[in-house]
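Structure first, commentary second.
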Amino acid sequence: MTRGAASGRLCPGTHRTLLAVLLFSILGVTGCGGAGDDGVLVVYSAGPRGLAETVTEAFAEAHGVRVELYAATTGQVMARLEAERYRPRADVVVFASRVAAEALKERGRLLPYADPPWLDETEREWHDPEGHFHATSAALVGVAFREAAYDPTLDWDDLLSGHFPGRVTLPGPSRSGAAGDFVVAHILRDGDAAWDLWLQARRGGLEISAANSQAISGLLVGAYDAVVGAVDYLILNQIEGGAALRMHYPPSGAALVERPVAILADTPVPELAKAFVDFYLSPEVQAEVVGANLIPARLGVAPSELRGDGPRPPVIAVDYAQALREQTRILRRFQLEVERAEVIRPSTSSPATPRGRR
């Protein structure tokens, strides 16, 4: 396979300890000389960027190879894979959406890795049963509040129908894989009632942010009081840094979003790619997953202190085959009918009141 020009080549730099058993080099993103294609693993990864850099740097050092990393949103990763369809570069992809991985599987673009040695030591139901992708971790999608606006009794209907008095935003489903998966799961579960609720919310003042980062930034500075469709590890990271935020899982169910790793069918280095998957599911790297406040896929690895080791909240059941069939239609309709609906900003002095289209 002929690869295109590298988007970011990782070069040796200063050193620090990233994992308990290894000393790794800090790698930059500018061009550098080195081995040819046979000595390079190209990884495309959805966020968190810090975790992607840690894992790829550690793998490069442990296996004596160079790793080229492209870190972006799920939407950007999928767009790049499509643009490179006839001249593929990536060997491995880490998604923030299982539905995205299912889509590439259906198109025949993934190389199965069946019966890896660690399979029984992980959350097996998070993996593709045919081995086309394997979950590295997961997150829950719920609601993030400014601490002053936190109400632990609220459900999705309360937040979207105007019973919450503050300003609310949703990360753009076309930019955020987690938000997109949540919207699809919610609409597939509740049908027309969900569409009515989203339209009511949008017309009543719900704003759509460009991505998770914009939604969280708005929450931190007080532009918003709540983020619906918030992926919890990002909020927990902010809380860990001292932000006055609270994460809430509505009682009718949060969305569980697995984060799969997959090997591209056209990779010229399949064994190196499988080694990367093995590496990601190792206890040491799963500890790094925990450090990012994600839910580890490996059993027996304790969650972060902020997440706690109590029972997980109820989750929205998802039929992934149905989600794959319906995702494009749902998100396109959501963009046309919900995102483009007229916004009436709610009053900051009284609860938002649902209003129809003027």
Side-chain angles (χ1 to χ4, degrees), residues 1-72 76-78 80-95 101 104 108-118 131-134 136 259-289:
M1 181 183 76
T2 302
R3 299 178 188 263
S7 64
R9 191 161 294 221
L10 300 176
C11 312
T14 57
H15 289 71
R16 63 184 173 127
T17 301
L18 298 174
L19 301 176
V21 296
L22 295 171
L23 183 68
F24 303 114
S25 57
I26 299 296
L27 305 179
V29 292
T30 55
C32 66
D37 283 355
D38 289 343
V40 176
L41 184 75
V42 180
V43 177
Y44 289 3
S45 180
R49 186 184 185 95
L51 177 63
E53 290 175 345
T54 294
V55 175
T56 53
E57 291 162 11
F59 181 79
E61 183 71 14
H63 288 262
V65 297
R66 280 191 295 110
V67 179
E68 295 179 6
L69 172 64
Y70 172 66
Q76 289 168 330
V77 167
M78 292 295 284
R80 185 160 183 155
L81 288 170
E82 183 61 27
E84 296 173 350
R85 184 170 184 176
Y86 299 106
R87 195 182 182 191
R89 293 199 62 255
D91 300 304
V92 178
V93 181
V94 182
F95 303 94
L104 288 189
R109 297 189 63 185
L110 301 182
L111 179 71
Y113 181 16
D115 299 320
W118 38 260
H132 287 84
F133 54 82
H134 299 88
T136 62
R259 299 174 55 84
V261 60
I263 301 170
L264 275 295
D266 292 320
T267 177
V269 287
E271 296 307 313
L272 188 59
K274 289 178 182 179
F276 182 82
V277 176
D278 293 343
F279 189 75
Y280 220 129
L281 272 297
S282 68
E284 293 82 7
V285 175
Q286 288 289 289
E288 294 294 321
V289 165

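Please read all numbers here as calculations on a predicted model, not as lab measurements. Along the sequence shown, the residues carry numbers beginning at 1.
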Would you sort out whether Gln286 and Trp118 count as a side chain to side chain contact (heavy atoms under 4.5 Å, CB included), showing the intermediate values? CA-CA 12 Å; Gln286 288 289 289; Trp118 38 260; over 6 Å; no
Let me know which of Leu264, Val92, Val77 forms a side chain to side chain contact (heavy atoms under 4.5 Å, CB included) with Tyr44. Val77
What's the separation between atom CD in Glu271 and atom CZ in Phe276, rounded to the nearest 0.5 Å? 15.5 Å
Can you list the steps and then say if Val94 with Tyr280 is a side chain to side chain contact (heavy atoms under 4.5 Å, CB included)? CA-CA 10 Å; Val94 182; Tyr280 220 129; 4.0 Å; yes
With sequence neighbours left out, the residues meeting side chain to side chain contact (heavy atoms under 4.5 Å, CB included) with Leu104 are Met78, Leu81, Phe95, Arg107, Arg109, Leu110
Pairing residues for Ala265 by the side chain to side chain contact (heavy atoms under 4.5 Å, CB included) criterion, not counting sequence neighbours: none
CZ-CG distance between Arg85 and Asp266, expressed to the nearest 0.5 angstrom: 10.5 Å
Tell me the closest heavy-atom pair linking Ala71 and Arg49, and the distance in Å. O-NH1, 3.4 Å
Contacts of Pro270 meeting side chain to side chain contact (heavy atoms under 4.5 Å, CB included) (sequence neighbours excluded), chain-then-number -> Leu111, Thr267
Nearest heavy-atom approach of Ala273 to Asp91 is CB-O, 4.4 Å
Worked check of side chain to side chain contact (heavy atoms under 4.5 Å, CB included) between Val261 and Tyr113: CA-CA 11 Å; Val261 60; Tyr113 181 16; over 6 Å; no
Which residues satisfy the side chain to side chain donor-acceptor pair (under 3.5 Å) test with Glu82, sequence neighbours excluded? none
Which residues pass the side chain to side chain donor-acceptor pair (under 3.5 Å) test with His134, not counting sequence neighbours? none
Can you tell me how far apart OG1 (Thr56) and CD (Glu68) are? Round to the nearest 0.5 Å. 11.0 Å
What is the minimum heavy-atom distance between Leu69 and Ser45, and which atoms define it? CD1-CB, 4.0 Å
